[in-house]
Every structure is written in C-alpha cells, then in structure tokens.
Enquirer: 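Take this structure, written in structure tokens, and hold onto it; I'll ask about it next.
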Amino acid sequence: MAFDEIAGISAAEESVRLNIAEAQAEAKKIVAQAELAGKTDVAEARKKAADELAARRAEAHTAAEKEAHEIYLKAENKKAVLRAKAESRREKAAKLIAERIMNG
C-alpha cells in the first residue's frame, strides 16, 4: 500500500470517529431534552392533579355543609313538632291529675 492510501484510510477512519462522536453528542443532547420535557410534563400533570383535587375537595365540602344544614333544619322542625306534642300532652296530663285530685 502506498503511503497516500494509508493516509486516506486513516483520514476516513478519523472522519468516521468524528461522525460517531458527533452522533453520540447529539444523542445525549436529544436524551437530555427529552428528560427535561418529561420532567416538565410530570410537574404540570402533578400541578393539574393537585388543582383538580383541591377543587373537588372544595365542592365536596360545600355539598357536605349544605347537606348538614338541611339535616339540621329537618331536626329543628322535628324537635319543634315533638315539643308541641309534649306541651299538649303535658297540659292534658296536668288537667287529668287535677281532676283526679279534686274528684278524689
């Protein structure tokens, strides 16, 4: 082989090594960008999930307060009805006791 051929092969090998190194560097750059994009997407998804959770908790809290208030009002109404019945029965019982005492 002539010296020129050997030099040509060496230059071709060096060119291939440089191309491989550039390709590896570009691949690392692409991987780094993809990892960053993935981390950003995950962070955005977490924030969206946290915001949605907070909104649903607020809705549930509001619904629970409304239901609790309705239950409270029903209980108050029932209590008033029972109190009125008790008052009526107490008055009847007092009259009956008074009549028995008077009539002996």
Side-chain angles (χ1 to χ4, degrees):
M1 279 192 171
F3 181 74
D4 290 339
E5 291 174 344
I6 293 174
I9 292 172
S10 292
E13 287 175 344
E14 184 61 27
S15 176
V16 168
R17 277 191 219 110
L18 286 175
N19 286 342
I20 289 172
E22 287 174 2
Q24 287 175 335
E26 184 65 21
K28 285 181 181 180
K29 180 181 172 185
I30 291 170
V31 168
Q33 289 173 342
E35 286 176 350
L36 179 61
K39 288 178 182 178
T40 301
D41 289 346
V42 168
E44 288 174 1
R46 282 185 177 159
K47 182 177 179 347
K48 183 179 177 183
D51 291 346
E52 187 175 329
L53 176 62
R56 288 189 180 195
R57 279 185 178 162
E59 289 173 8
H61 183 72
T62 301
E65 282 183 340
K66 181 180 178 184
E67 187 174 342
H69 184 68
E70 289 173 4
I71 291 169
Y72 172 78
L73 291 177
K74 286 179 184 178
E76 285 296 312
N77 288 337
K78 189 172 183 177
K79 185 172 83 171
V81 168
L82 291 174
R83 180 172 278 143
K85 284 182 183 179
E87 286 291 324
S88 172
R89 289 180 181 165
R90 185 177 61 118
E91 290 175 13
K92 287 179 185 177
K95 286 181 184 178
L96 181 62
I97 292 170
E99 284 179 14
R100 288 191 179 175
I101 290 174
M102 296 294 270
N103 292 332

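Note that the numbering runs from 1 along the sequence shown for the chain.
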Enquirer: Going by the rule side chain to side chain contact (heavy atoms under 4.5 Å, CB included), which residues pair with Arg17 if we only count those two or more places apart in sequence or in a different chain?
Expert: Glu13, Glu14
Enquirer: Could you give all pairs that pass the salt bridge (Lys or Arg N to Asp or Glu O under 4.0 Å) test and reach residues 37-48, with sequence neighbours left out?
Expert: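 Sorted result for residues 37-48: Lys47-Asp51.
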Enquirer: Say you draw a straight line from NZ of Lys78 to NZ of Lys74; how long is it, rounded to the nearest 0.5 Å?
Expert: 11.0 Å
Enquirer: For Glu35, give me all partners under side-chain hydrogen bond (donor to acceptor under 3.5 Å, both in side chains), at least two apart in sequence or on another chain.
Expert: none
Enquirer: Sequence neighbours left out, what passes side-chain hydrogen bond (donor to acceptor under 3.5 Å, both in side chains) with Lys79? Give chain and number order.
Expert: Glu76
Enquirer: Just by distance, do the side chain of Ser88 and the backbone of Ala84 share a donor-acceptor pair under 3.5 Å?
Expert: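 Checked: no pair found.
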Enquirer: What residues, two or more places apart in sequence or in another chain, satisfy side-chain hydrogen bond (donor to acceptor under 3.5 Å, both in side chains) together with Glu52?
Expert: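 If we apply the side-chain hydrogen bond (donor to acceptor under 3.5 Å, both in side chains) test to Glu52, skipping adjacent residues, the hits are Arg56.
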Enquirer: Excluding sequence neighbours, so at least two apart, what forms side-chain hydrogen bond (donor to acceptor under 3.5 Å, both in side chains) with Glu87?
Expert: Arg90
Enquirer: Side-chain polar contacts of residues 65-72 - donor-acceptor pairs under 3.5 angstrom, sequence neighbours left out - could you list them?
Expert:
{"unit_1": "Glu65", "atom_1": "OE2", "unit_2": "His61", "atom_2": "NE2", "d": "2.9"}

Enquirer: Are Lys29 and Glu26 side-chain neighbours, meaning at least one heavy-atom pair lies under 4.5 Å?
Expert: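 Side-chain contact under 4.5 Å: yes.
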Enquirer: Going by the rule side chain to side chain contact (heavy atoms under 4.5 Å, CB included), which residues pair with Asn19 if we only count those two or more places apart in sequence or in a different chain?
Expert: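 Result, side chain to side chain contact (heavy atoms under 4.5 Å, CB included) vs Asn19: Ser15, Glu22.
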Enquirer: Only counting residues at least two apart or in another chain, list the ones meeting side chain to side chain contact (heavy atoms under 4.5 Å, CB included) with Gln24.
Expert: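 Counting only residues at least two positions away or on another chain, Gln24 forms a side chain to side chain contact (heavy atoms under 4.5 Å, CB included) with Ile20.
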